[in-house]
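As structure tokens, the structure follows; a few thoughts come after it.
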Amino acid sequence: MKNVLLIASEAVPFIKTGGLADVVGSLPKAYNRDEFDVRVVLPKYRVIPEHFQQQMEYMTNFYINMSGRMIYVGVFQMMLDGVTFYFIDNEYYFSGDRIYEDGLWDLEKFAYFSKAALTMLCVIDFRPDIIHCHDWQTGLMPVYLKNEFWDSSSYSDFYQNMKAVMTIHNLKFQGVWDTKSVREITGLPEYYFVPDKMEAYKDANLLKGGIVYADKVTTVSNTYAWEIQTEEYGEGLEEHLRYHNNKVLGIVNGIDTDIWNPATDKLLASKYDAESAIKNKKANKKALQESLGLDVDDNKMVIGLISRLTNQKGLDLVNDVIPGIMDGNTQVVVLGTGDAQYEDTFRYYEDKYKGSFCAYIAYNENVAHNIYAGCDALLVPSRFEPCGLTQLISMRYGAVPIVRETGGL
Ligand code: ADP
Ligand code: GLC
């Protein structure tokens, strides 16, 4: 039996801002339970829905030393679908309205989280063989593990030889602050702040630290694993990743096939499987057209787009071609929130092409399910896409993905 701990800043169904949460929520369920004991640790954000908060059980508390200050760590626990989730409790850090904020606050919050989660293992006596870290928020975990914890006399040999895997879901976000602040907040000595460790372009870089000290670095598709070693996609870390090339590999994400299953999906107007897809998708298309104010017509091709509306997602490419797509035979449904420029452009098109274009500017899981089920094709025009989940979900729902050739797409 091997023990695995996933550490991340978000996971479905507790808290989600993007695909990272989908993966951290669904990956533990996919392990073979006879061979692996897989657990997850997350921050206990105040914005986690109340019904989950009520199911969490208090386990213990202790204090950790962050740069000379002793800080409280509460640990809560909850089982979900056979997976144990731990939650690190500290109201000072985790009571914001949003899980990611600006400035030094995020550095302090996630440095605290990484060290608290690592210390927790010894306190609750769960010894992972592998700690699986996700994105920059947990980049300090391998650094603390290999340096402060491996050889620490305070823990005898509890942490000795524990391995760390660092998964990069999106290299665009690296956790970069000035070296002085990172030194002060993390309590790490000067030794780490050099170009072959945590320093990059004179600043300190949390993800870079994670890459250096992890035993393996994975990213979420094969293509992205080599793309990030090129100047075009490397976000300034390409040379560093090439240097560590022998431990970098790509493993394509999966989706949760229970949540995303048109044969059992209660949100759909008509459920279907591979056999009944052609027939029953028509009912879903009709329901979608009705509910979104599109002309109800089975002969129109419906193209869906479900996305964060940011520069990464290649929306400029779409905006330029919309007038050409709106040929009278085609309808477009956009579901997303993000940058005002994209929201406004899509609203403009909705007004211009009434009955054929729908701009649903919101984050809404239920509507997402209905779009996957009701559309004929799903557009994913990303400039870069480490993996991408919407194209995988759309295939599961019998909608043809139309994608730009990059990363996992
Ligand atoms: P990223 O993590 O870069 O945003 P992914 O394709 O990996 O991209 O994951 C996006 C996830 O978020 C998918 O599960 C998708 O269905 C969901 N999603 C994105 N935007 C919305 C929205 N406006 N409403 C509901 N779900 C959304
Ligand atoms: C990131 C990437 C996306 C990937 C997701 C989960 O958000 O942008 O491509 O699917 O992480 O790994």
Side-chain angles (χ1 to χ4, degrees), residues 6 8-13 15-27 30 99-100 132-138 165-174 207 217-225 227-228 233 235 250-262 265 267 288 292 304-315 333-339 342-343 346 358-375 378-397 399 401 403-409:
L6 275 75
S9 56
E10 48 182 281
V12 161
I15 187 91
K16 165 170 167 177
T17 72
L20 167 65
D22 291 304
V23 173
V24 177
S26 53
L27 179 58
I99 67 170
Y100 305 125
H132 187 177
C133 311
H134 297 265
D135 277 355
W136 74 263
Q137 292 86 353
T138 59
V165 173
M166 185 81 232
T167 293
I168 301 170
H169 293 262
N170 193 337
L171 193 60
K172 197 172 177 64
F173 308 106
Q174 300 176 5
L207 182 67
V217 175
T218 75
T219 183
V220 287
S221 66
N222 267 317
T223 310
Y224 196 61
E227 280 177 344
I228 56 177
Y233 293 96
E235 304 285 348
I251 301 174
V252 176
N253 285 331
I255 53 169
D256 187 322
T257 49
D258 296 327
I259 296 176
W260 300 108
N261 183 358
D265 192 335
L267 297 165
L288 184 71
L292 299 183
L305 194 162
I306 301 176
S307 180
R308 289 184 291 118
L309 304 181
T310 67
N311 177 272
Q312 172 190 344
K313 301 297 180 177
L315 303 161
V333 182
V334 176
L335 171 65
T337 52
D339 298 352
Y342 301 120
E343 295 187 351
F346 289 130
C358 170
Y360 202 115
I361 306 299
Y363 184 89
N364 189 317
E365 299 268 348
N366 292 4
V367 174
H369 281 252
N370 287 302
I371 294 176
Y372 288 120
C375 69
L378 191 98
L379 198 56
V380 196
S382 310
R383 286 177 185 278
F384 73 95
E385 195 61 78
C387 177
L389 300 175
T390 62
Q391 81 282 5
L392 300 177
I393 300 169
S394 90
M395 289 193 278
R396 176 91 168 141
Y397 277 65
V403 307
R404 187 166 167 268
E405 188 178 7
T406 184
L409 303 180

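In listed order, ligands and their atoms are each counted from 1.
The distance from ligand 2 to the heavy atoms of G388 drops below 4.0 Å at these ligand atoms: 3 (C), 4 (C), 9 (O), 10 (O). The ligand atoms of ligand 2 that sit less than 4.0 angstrom from a heavy atom of V23 are 6 (C), 12 (O). Residue-ligand proximity, S307 to ligand 1, at heavy-atom distances under 4.0 Å covers atoms 20 (N). Near K313, meaning under 4.0 Å from any of its heavy atoms, are these atoms of ligand 1: 1 (P), 3 (O), 4 (O), 8 (O). Each of the following atoms of ligand 1 lies closer than 4.0 Å to a heavy atom of K16: 11 (C), 12 (O), 13 (C), 14 (O), 17 (C). In the vicinity of G18, heavy-atom distances shorter than 4.0 Å reach the ligand 1 atoms 2 (O). For ligand 1, the atoms sitting less than 4.0 Å from at least one non-hydrogen atom of G336 are 23 (N), numbered in the order shown with element in parentheses. Against a heavy-atom cut-off of under 4.0 Å, N170 is close to the following atoms of ligand 2: 8 (O).
At a heavy-atom cutoff of 4.0 Å, ligand 2 is contacted by the backbone of L20 but not by its side chain. Contacts with ligand 1 closer than 4.0 Å are made by no heavy atom of C387, backbone or side chain. Residue contacts with ligand 1, taken as heavy atom pairs separated by less than 4.0 Å, do not involve F384 at all.
Regarding atom 24 (N) of ligand 1, its nearest protein heavy-atom neighbour is N364 N, 3.0 Å. In terms of protein heavy-atom proximity, atom 19 (C) of ligand 1 is nearest to I306 CG2, 4.0 Å. Among protein heavy atoms, the minimum distance from atom 4 (O) of ligand 1 is reached at R308 NE, 2.7 Å. Of all protein heavy atoms, the one closest to atom 23 (N) of ligand 1 is A362 O, 2.9 Å. At the top of the distance list for atom 13 (C) of ligand 1, counting protein heavy atoms only, stands D22 OD2, 3.8 Å.
Considering only heavy atoms from C-beta on, Y100 comes within 4.5 Å of E10 through its side chain. Residues D135 and L20 meet the side-chain proximity criterion, which asks for heavy atoms closer than 4.5 Å. Side-chain contact between Y397 and L378 is absent, with no heavy-atom pair separated by less than 4.5 Å. Looking at H369 and W260, their side chains come closer than 4.5 Å, going by heavy atoms from C-beta outward. Counting heavy atoms from C-beta on, the side chains of T218 and M166 never come closer than 4.5 Å. Counting heavy atoms from C-beta outward, V252 and C387 have side chains that approach closer than 4.5 Å. Side-chain atoms of L315 and L305, non-hydrogen and from C-beta on, do get closer than 4.5 Å to each other.
Distances from atom 22 (C) of ligand 1 to the heavy atoms of Y372, Y363, W260 put Y363 nearest. Closest heavy-atom approach to atom 12 (O) of ligand 2 among the candidates H169, E385, K313, K172: H169. Evaluated by nearest non-hydrogen atom to atom 6 (C) of ligand 2, the leading choice among V220, N253, L27 is N253. Counting heavy atoms only, L389 comes closest to atom 7 (O) of ligand 1 of the residues T337, L335, N253, L389.
Counted by atom type alone, D265 and Y372 present zero donor-acceptor pairs between their side chains at under 3.5 Å. In this model, a donor atom of one side chain and an acceptor atom of the other lie less than 3.5 Å apart for T167 and H132. Side-chain N/O atoms of E385 and Q312 include a donor and acceptor closer than 3.5 Å. Inspection of the E343 and T337 side chains reveals no N or O donor paired with an N or O acceptor under 3.5 Å. In this structure, a donor-acceptor pair under 3.5 Å is absent between the side chains of T310 and Y342.
The CZ atom of R383 lies 10.0 Å from the NZ atom of K172; values are rounded to the nearest 0.5 Å. To the nearest 0.5 angstrom, I371 atom CD1 is 6.0 Å from L292 atom CG.
Residue E365 has no N or O atom closer than 3.5 Å to an N or O atom of ligand 1. Between G19 and ligand 1, at least one N/O pair is under 3.5 Å apart. Distances between N or O atoms of G19 and those of ligand 2 include no value under 3.5 Å. Checked by distance only, ligand 2 and Q312 come closer than 3.5 Å through their nitrogen or oxygen atoms.
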